[in-house]
*Asks:* 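Take a look at this one; I'll ask things after.
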Amino acid sequence: MRLGLGGRTVSGVRQTRGVRKIHVIGIGAGDPDQLTLQAVRALRSTDVFFILDKGEVKADLTGLRRDMLEAHLTDGTYRVVEARDPERDRSAGGAAYSPAVGDWRSARAGIYERLIAEELGEEETGAFLVWGDPSLYDSTLGILQEVLERGAVAFEYDVVPGISSVSALVARHRTGLNRVARPVQITTGRRLAEGFPEDVDDVVVMLDAHQTFRQYAQEDVDIYWGAYIGTPDEILVSGPIAEAAPRIERLRAEARERKGWIMDTYLLRRRPRD
Ligand SMILES: C[S@@+](CC[C@H](N)C(=O)[O-])C[C@H]1O[C@@H](n2cnc3c(N)ncnc32)[C@H](O)[C@@H]1O
């Protein structure tokens with residue numbers, strides 16, 4: 001048998017008596033209207049929601065998740081369990097970067113294991129609400145796999161895709177990700193700092209705390225930038241990077257100062273070379 005949501009099968013999770021069930025639900029990148037019907041069905045079949053607070057950002061984001069639950073779950077029979085995400089050692093650079101991420105994931109695996117074992121009954125269904133889409137720069141799936149491999153707690157899980165910040169960004173700018181028959185690359189600010197990818201002209205950049213786009217301000221590149229996309233604070237800027245970069249820098253600094261945190265994503269599009 002497969003685990004159905006509202007009478008429909010969502011994915012290949014087998015339903016076995018006495019084994020905890022978990023949905024990993026992509027909830028979109030900020031706009032509550034981007035919650036899919038499949039996600040709403042998954043919310044409605046959940047007994048316990050796990051919300052991990054990252055501390056620095058993110059009372060705002062936790063609040064948004066709670067608002068979504070209140071909007072879609074009217075009978076109030078669910079439980080919400082909040083936990084503190086461990087801090088990552090962001091000072092580790094270069095070769096130390098991967099071990100630092102590894103330690104952080106293991107610390108999170110310990111927390112997830114405890115949450116599932118202690119807060120979720122054996123006949124119950126839990127859910128992790130993941131920002132954007134769980135497949136993109138999110139560690140929830142890897143961590144759940146690690147928890148399963150530790151073997152201390154058994155569960156089955158499925159994944160409900162969400163609208164990623166990348167989809168939301170290009171939709172707001174009314175453009176596509178790739179040009180005809182061309183590739184697109186999604187990368188991080190840290191990687192972009194090492195150079196513009198050789199064989200790719202369209203590069204989406206996430207997780208960039210350092211405005212790495214400034215490195216390419218003298219090149220034939222257009223930028224499509226968005227911050228807090230889908231939320232009431234959304235800011236969008238696009239144009240030739242030489243003109244747009246100073247504007248983005250100013251808007252970004254003002255917004256960061258005002259809100260105390262920022263999430264931004266951008267597409268760099270190299271103009272055709274002769
Ligand atoms: C840890 S990743 C999570 C990505 C997420 N899984 C997704 O599908 O969008 C966080 C990064 O996503 C991007 N991001 C997420 N939500 C955003 C939003 N509402 N506006 C702009 N960028 C966003 C930023 O680049 C941020 O640094």
Side-chain angles (χ1 to χ4, degrees), residues 23-36 38-39 50-65 67-68 85-88 90 97 100-101 104-105 108 127-144 159-175 177 184-193 202-214 223-238 244 248-249 251-256 258-268:
H23 301 309
V24 179
I25 307 174
I27 58 168
D31 182 345
D33 284 352
Q34 287 174 0
L35 207 60
T36 66
Q38 192 181 41
F50 299 114
I51 298 186
L52 279 102
D53 168 24
K54 287 211 171 61
E56 10 152 56
V57 175
K58 293 191 179 181
D60 287 9
L61 302 189
T62 302
L64 209 133
R65 287 181 174 98
D67 292 348
M68 281 181 180
D85 240 353
E87 291 296 330
R88 197 168 98 200
R90 289 175 192 279
Y97 181 68
V101 171
W104 175 68
R105 276 168 83 119
R108 292 182 89 193
F128 289 91
L129 305 183
V130 173
W131 203 247
D133 182 74
S135 71
L136 196 58
Y137 291 111
D138 184 88
S139 45
T140 309
L141 299 178
I143 291 167
L144 288 179
V159 182
V160 178
I163 294 179
S164 70
S165 52
V166 176
S167 295
L169 171 79
V170 288
R172 294 296 290 133
H173 282 290
R174 301 184 301 173
T175 187
L177 274 176
V184 56
Q185 186 169 113
I186 301 175
T187 190
T188 62
R190 184 181 287 266
R191 290 274 179 191
L192 184 72
D202 292 276
V203 179
V204 178
V205 184
M206 305 175 77
L207 294 162
D208 183 4
H210 302 291
Q211 304 176 78
T212 311
F213 55 82
R214 292 180 295 189
I223 185 167
Y224 299 84
W225 177 84
Y228 316 104
I229 300 161
T231 76
D233 297 299
E234 179 179 275
I235 316 170
L236 302 170
V237 175
S238 63
I248 295 171
E249 272 190 73
L251 290 169
R252 199 179 182 283
E254 283 168 8
R256 205 168 188 287
R258 187 172 65 249
K259 284 190 67 70
W261 60 276
I262 190 160
M263 275 205 306
D264 59 343
T265 302
Y266 52 91
L267 167 67
L268 296 180

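Residues take their numbers from the sequence shown, with the count starting at 1. All ligand and atom numbering here is 1-based and tracks the order in the structure.
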*Asks:* Using modelled atom types and a 3.5 Å cut-off, is there a donor and acceptor pairing between side-chain atoms of H173 and backbone atoms of S238?
*Replies:*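 Judged by distance alone, no pair lies under 3.5 Å.
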*Asks:* Contact between I262 and R252 at the side-chain level, heavy atoms closer than 4.5 Å - yes or no?
*Replies:* yes
*Asks:* State the atoms of ligand 1, each with its element, that fall below the 4.0 Å cut-off from a heavy-atom position in Y228.
*Replies:* 19 (N), 20 (N), 21 (C)
*Asks:* Using every non-hydrogen atom in the two residues, find where A244 and V237 come nearest and quote the distance to one decimal.
*Replies:*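 That would be CB-CG1, 4.0 Å.
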*Asks:* Closer than 4.0 Å to some heavy atom of G226 - which atoms of ligand 1 meet that?
*Replies:* 21 (C)
*Asks:* N/O of G132 under 3.5 Å from N/O of ligand 1, yes or no?
*Replies:* no
*Asks:* Just by modelled atom types, is the L129 backbone N or O under 3.5 Å from a matching donor or acceptor in the R65 side chain?
*Replies:*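 Side chain of R65 to backbone of L129: a pair is present.
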*Asks:* Given V160, which of I25, L35, V130 fulfils the side chain to side chain contact (heavy atoms under 4.5 Å, CB included) condition?
*Replies:* I25
*Asks:* Report yes if A29 has an N/O atom closer than 3.5 Å to an N/O atom of ligand 1; otherwise report no.
*Replies:* yes
*Asks:* Polar-atom distance check: D133 versus ligand 1, any N or O pair below 3.5 Å?
*Replies:*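 N/O-N/O distance under 3.5 Å: yes.
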*Asks:* Are G30 and ligand 1 in contact, using a heavy-atom cut-off of under 4.0 Å?
*Replies:* no
*Asks:* Of the options D202, I223, V205, which is the one that meets L267 in a side chain to side chain contact (heavy atoms under 4.5 Å, CB included)?
*Replies:*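 The single option meeting the side chain to side chain contact (heavy atoms under 4.5 Å, CB included) with L267 is D202.
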*Asks:* Output yes when the distance from some N or O of ligand 1 to some N or O of S165 is under 3.5 Å, and no in every other case.
*Replies:*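 Yes; the residue has a nitrogen or oxygen that sits under 3.5 Å from a nitrogen or oxygen of the ligand.
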*Asks:* With side chain to side chain contact (heavy atoms under 4.5 Å, CB included) as the test, pick out the partner of V204 among L136, V170, I186.
*Replies:* I186
*Asks:* Please check whether W131 reaches ligand 1 - meaning an N/O of the residue sits under 3.5 Å from an N/O of the ligand, judged on distance alone.
*Replies:* yes
*Asks:* Would L144 and V24 count as a side chain to side chain contact (heavy atoms under 4.5 Å, CB included) if you check the C-alpha gap in whole Å, the side-chain angles of each, and the deciding distance to 0.1 Å?
*Replies:* CA-CA 10 Å; L144 288 179; V24 179; 3.4 Å; yes
*Asks:* Of the backbone atoms (N, CA, C, O) and the side-chain heavy atoms from C-beta on, which set of V130 has a member under 4.0 Å from an atom of ligand 1: side chain, backbone, both, or neither?
*Replies:* neither
*Asks:* Work out whether the distance between some heavy atom of G230 and some atom of ligand 1 is less than 4.0 Å.
*Replies:* no
*Asks:* Assess whether side-chain hydrogen bond (donor to acceptor under 3.5 Å, both in side chains) is satisfied between Y266 and D208, documenting all intermediate values.
*Replies:* CA-CA 9 Å; Y266 52 91; D208 183 4; 2.5 Å; yes
*Asks:* Which option out of I229, I262, D264 puts a heavy atom nearest to atom 20 (N) of ligand 1?
*Replies:* I229
*Asks:* Is there a polar contact between ligand 1 and L207, counting only N or O atoms under 3.5 Å apart?
*Replies:*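 By distance alone, the answer is yes.
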*Asks:* Within a distance under 4.0 Å of any heavy atom of M206, pick out the atoms of ligand 1 and give their elements.
*Replies:*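 Once the distances to M206 are compared, the set is 4 (C), 9 (O), 12 (O), 13 (C), 25 (O).
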*Asks:* Counting heavy atoms only, which of T265, V166, T140 is nearest atom 23 (C) of ligand 1?
*Replies:*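 Among T265, V166, T140, the closest heavy atom to atom 23 (C) of ligand 1 belongs to T265.
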